Number of protein chains: 6
Amino acid sequence: MDGKNPSESLIVMTELVLPNDTNLYGNLMGGRLMYWMDIAAALSASKHCNAPVVTASVDNISFESPIKLGNVVHIEAKLTRAFNTSMEIHMKVWGEDLTHQYRYKSNEAYYTFVALDPNRKPRPVAPVLPVTEEEKKLFDGALRRRQLRLILGGKMKPDDAAELKALFIKD
Amino acid sequence: MDGKNPSESLIVMTELVLPNDTNLYGNLMGGRLMYWMDIAAALSASKHCNAPVVTASVDNISFESPIKLGNVVHIEAKLTRAFNTSMEIHMKVWGEDLTHQYRYKSNEAYYTFVALDPNRKPRPVAPVLPVTEEEKKLFDGALRRRQLRLILGGKMKPDDAAELKALFIKD
Amino acid sequence: MDGKNPSESLIVMTELVLPNDTNLYGNLMGGRLMYWMDIAAALSASKHCNAPVVTASVDNISFESPIKLGNVVHIEAKLTRAFNTSMEIHMKVWGEDLTHQYRYKSNEAYYTFVALDPNRKPRPVAPVLPVTEEEKKLFDGALRRRQLRLILGGKMKPDDAAELKALFIKD
Amino acid sequence: MDGKNPSESLIVMTELVLPNDTNLYGNLMGGRLMYWMDIAAALSASKHCNAPVVTASVDNISFESPIKLGNVVHIEAKLTRAFNTSMEIHMKVWGEDLTHQYRYKSNEAYYTFVALDPNRKPRPVAPVLPVTEEEKKLFDGALRRRQLRLILGGKMKPDDAAELKALFIKD
Amino acid sequence: MDGKNPSESLIVMTELVLPNDTNLYGNLMGGRLMYWMDIAAALSASKHCNAPVVTASVDNISFESPIKLGNVVHIEAKLTRAFNTSMEIHMKVWGEDLTHQYRYKSNEAYYTFVALDPNRKPRPVAPVLPVTEEEKKLFDGALRRRQLRLILGGKMKPDDAAELKALFIKD
Amino acid sequence: MDGKNPSESLIVMTELVLPNDTNLYGNLMGGRLMYWMDIAAALSASKHCNAPVVTASVDNISFESPIKLGNVVHIEAKLTRAFNTSMEIHMKVWGEDLTHQYRYKSNEAYYTFVALDPNRKPRPVAPVLPVTEEEKKLFDGALRRRQLRLILGGKMKPDDAAELKALFIKD
């Protein structure tokens with residue numbers, strides 16, 4: 001399989017925060033945002049592998065500024081790296097108040113999806129070929145994040161996570 | 001403020017997977033599940049602190065078995081520990097096929113919420129007093145998970161994460 | 001078929017009242033509540049008979065206190081009695097204001113479901129074996145409620161409703 | 001207050017059964033139908049009293065034929081009688097398969113609403129003046145149904161329900 | 001195929017404007033209204049041709065008064081004319097404030113649907129036989145509106161649109 | 001007010017077609033698409049004028065290829081021209097099957113929005129300054145489309161629609 005550039009899997013999603021998406025303070029509920037992000041990431045993964053996909057995992061997400069009722073949610077999703085049958089998708093999420101022309105960061109996140117064949121079994125996907133500096137940095141970090149996922153999921157011993165370990169031990 | 005037991009914040013949520021919650025394979029979409037989990041966790045946090053809350057962060061989630069259309073989603077949410085104004089909520093999520101009497105694990109997750117005062121500023125919450133062995137284990141692990149959150153969020157240096165570091169360096 | 005205890009069919013549902021669930025006064029609409037109750041009751045019935053079910057009838061429901069926007073809805077559903085292919089489910093519904101730690105009754109209700117075989121025809125279900133005093137009382141009352149349902153549905157003459165009649169004639 | 005004819009409160013509602021309204025057999029869920037009926041009845045009550053209203057109670061509903069995915073739901077709601085601050089609304093519900101030109105009865109139901117003043121307290125409503133034979137019959141039956149509601153709600157002793165009692169004792 | 005009167009395809013739809021249907025000013029969003037109108041028109045078309053239908057086009061719609069949160073939306077849909085496999089549906093849309101007994105026009109619109117056979121190919125439909133003066137006028141205008149649609153869709157040259165042209169050139 | 005380029009109001013929206021968005025043939029309902037387009041156009045208009053907006057009118061839309069369940073909807077919205085308080089937005093809509101890498105046109109459309117001041121009265125908006133050839137062509141056509149809208153809305157006599165008339169009379 002030929003590799004693909006991250007830009008080939010770019011998905012730009014724009015949503016309006018409606019009353020039912022908000023809590024009592026008129027701010028977008030975190031769960032509603034994660035729902036939209038899941039769809040954006042799924043579309044990005046599917047665009048890369050041209051196959052149906054399922055959510056395998058979601059990395060730590062930290063919500064910075066709340067997004068308000070009537071504001072706009074911008075989500076940009078793009079592949080960082082593929083690991084045989086799985087794909088890591090990086091997302092940037094902003095809120096925007098169109099009236100006051102104010103744009104603010106909500107969060108950055110990584111979702112992992114697995115490509116499925118017609119029998120619903122994992123199938124191999126094309127590798128990702130990073131082009132820009134940012135894409136290369138995200139590609140490199142993907143290995144470390146994957147090790148953390150495996151450790152947190154109890155599928156790897158911390159000792160075997162060479163890249164991740166380097167974060168904690170600097171001699 | 002007097003402490004509270006984790007069981008005082010227990011929320012049991014039961015949902016039915018309807019067509020619009022599913023992907024083309026008839027499985028519950030990850031994002032829809034995270035939406036329900038966000039509400040379960042918010043209710044648990046709010047039950048503990050008796051104040052409105054907002055989602056601050058979500059830890060790594062790894063989805064095991066897919067939950068099918070027409071199956072039931074069970075979510076149990078309970079506080080593990082409080083850190084001044086924030087609360088960590090632990091959730092267990094199962095799917096269940098009532099016809100075939102088959103119950104299967106979907107995932108385990110940690111969400112963090114912040115309590116708000118009437119001016120929408122963070123306000124202190126009561127401490128959590130773990131009782132059972134499992135609650136004590138979750139209470140202890142909360143410190144390590146918090147360090148990981150801070151490191152991943154760029155708010156703590158790996159070197160300062162004593163508890164987390166111990167995972168990687170055993171001498 | 002072996003009988004089952006009511007507790008084996010217990011379903012605990014917890015929902016948050018969102019803006020679109022409310023009327024102009026910010027109170028949960030009765031119809032939205034009945035929708036949730038229908039799902040809770042269906043899951044309880046399906047848990048008892050391990051088969052798909054359909055709503056056959058709903059008994060008189062009287063709504064006491066309105067449940068407010070942002071409050072929590074608690075529904076507990078449990079079988080009272082089975083009649084060949086049909087099951088009566090009893091539900092208790094409370095609202096709760098988590099901030100003010102105030103819990104209030106909304107209503108109590110009885111829904112009846114029919115179990116279906118793969119050809120969508122009614123199929124027999126296991127009997128219910130009440131254990132607690134409350135379960136036994138609900139089991140006994142089920143006969144009277146069934147007679148009322150049949151009379152109201154024009155399928156039984158009042159004269160044949162011995163148990164129900166006793167309510168009106170005490171000599 | 002001048003009385004109004006039932007026809008002045010007529011509401012005709014038409015809905016299409018979409019995938020998310022159905023169970024695994026592709027039939028409209030009872031709860032979704034009760035949701036639509038609640039709105040139809042509320043609009044009918046509000047049209048009669050020209051004030052906001054809340055659902056007070058729902059009488060026994062027995063579902064006859066299931067309504068299928070893609071079929072049409074017809075609801076006709078009309079007042080039968082007013083009791084100081086409350087109004088009884090009668091509804092007829094049909095399903096229709098437009099392709100096969102087949103129309104079938106789903107159920108008949110009675111919902112009771114209370115009119116509210118700006119302070120959210122019950123306020124008196126105009127009486128209903130039945131015109132047709134059917135309207136007169138529904139008007140008369142309203143008293144009996146109200147007694148049954150009060151008895152079932154524990155607010156009236158069976159002995160005091162003269163009209164209802166006559167159903168059970170014919171000498 | 002025998003013709004049918006427009007009244008045979010009448011659909012009366014009544015909807016309540018809920019919070020999630022509104023913009024920040026508490027007015028019904030145009031897109032939500034067009035969604036309801038699409039369903040009303042589809043049901044009307046399907047009632048005429050007794051077959052599944054798909055939206056082919058929507059004519060110019062001009063929204064007059066905004067419909068407010070908590071108000072009622074009335075839609076009346078009826079066929080004006082059939083053209084082999086397509087049907088033009090005329091809709092009148094009003095808003096109504098039941099509390100203040102105030103009814104106001106929102107818009108008038110024309111949607112065009114195509115009837116489909118079981119292979120999803122267009123199939124012929126019965127002609128429309130207008131009866132009232134208004135129906136006859138709508139029937140005549142349908143030809144002119146169809147020419148405009150074809151010109152705007154690039155499928156007809158303005159010179160061939162005799163009926164439409166007469167609007168612009170009066171000698 | 002300084003003019004703005006059309007590209008400054010570009011909104012890119014991406015949606016996934018879910019079960020409840022489709023008709024019995026598994027194709028996206030026209031009304032659901034018009035709902036999404038209304039939001040995309042509203043956001044584009046609001047981005048241009050930095051004020052709340054309301055839908056004033058929708059021009060003829062002709063739906064070409066149906067968009068299937070599980071496919072992606074792409075909407076690109078951009079201002080073409082402003083007329084004192086109103087703005088015309090041009091949209092291109094495609095469907096995409098990510099698995100088969102097949103992208104197909106659904107429709108092109110023009111929506112008109114009005115900017116509102118805090119008292120909900122129309123307020124002037126900045127002019128549009130077209131840059132590219134396509135933008136200039138859309139800018140010029142906007143006048144003709146506006147005349148057509150006014151004629152269809154009964155607010156202009158065909159004789160006064162110089163630009164539009166030229167379409168029908170070529171000497």
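Residue numbering restarts at 1 for every chain, and letters A, B, ... go by the order of the sequence lines. The structure displayed is predicted, hence computed values, not measured ones. Side chains are part of it too, since the values below use all heavy atoms of this structure and drop only hydrogens, waters and symmetry mates.
Considering only heavy-atom pairs separated by less than 4.5 Å from chain C, the leading option among D:Leu116, D:Leu33, D:Val54, D:Val53 is D:Leu116. Of the residues considered (C:Pro52, C:Ala41, C:Ala42, C:Ala109), C:Pro52 shows the highest number of contacts with chain D, using heavy-atom pairs under 4.5 Å. With chain C as partner, the option from D:Asn27, D:Thr55, D:Ile61 having the largest number of non-hydrogen pairs under 4.5 angstrom is D:Ile61. For the set C:Met29, C:Lys157, C:Arg120, the count of heavy-atom pairs under 4.5 angstrom toward chain D peaks at C:Arg120. Ranked by heavy-atom pairs shorter than 4.5 Å toward chain D, the options C:Gly153, C:Pro66, C:Gly30, C:Gly31 are led by C:Gly31. Here D:Tyr25 is the residue among D:Tyr25, D:Phe63, D:Tyr35 with the most heavy-atom pairs under 4.5 Å with chain C.
Both the backbone and the side chain of C:Val58 come within contact range of chain D, with heavy atoms under 4.5 Å apart. Residue D:Tyr110 does not touch chain C at all, counting heavy-atom pairs closer than 4.5 Å. Both the backbone and the side chain of C:Asp59 come within contact range of chain D, judged by heavy atoms closer than 4.5 Å. Of the two parts of C:Leu24, neither the backbone nor the side chain holds a non-hydrogen atom closer than 4.5 Å to a non-hydrogen atom of chain D.
Atom CG of residue D:Leu152 and atom CD of residue C:Glu108 lie 12.0 Å apart, to the nearest 0.5 angstrom. The CZ atom of C:Arg32 lies 8.0 Å from the CZ atom of D:Arg32; values are rounded to the nearest 0.5 Å.
Here the side chain of C:Asn60 pairs a donor or acceptor atom with the backbone of D:Asn60 at under 3.5 angstrom.
Minimum interatomic distance between D:Ser62 and C:Ser57 (heavy atoms only, all atoms of both residues): CA-CB, 3.9 Å.
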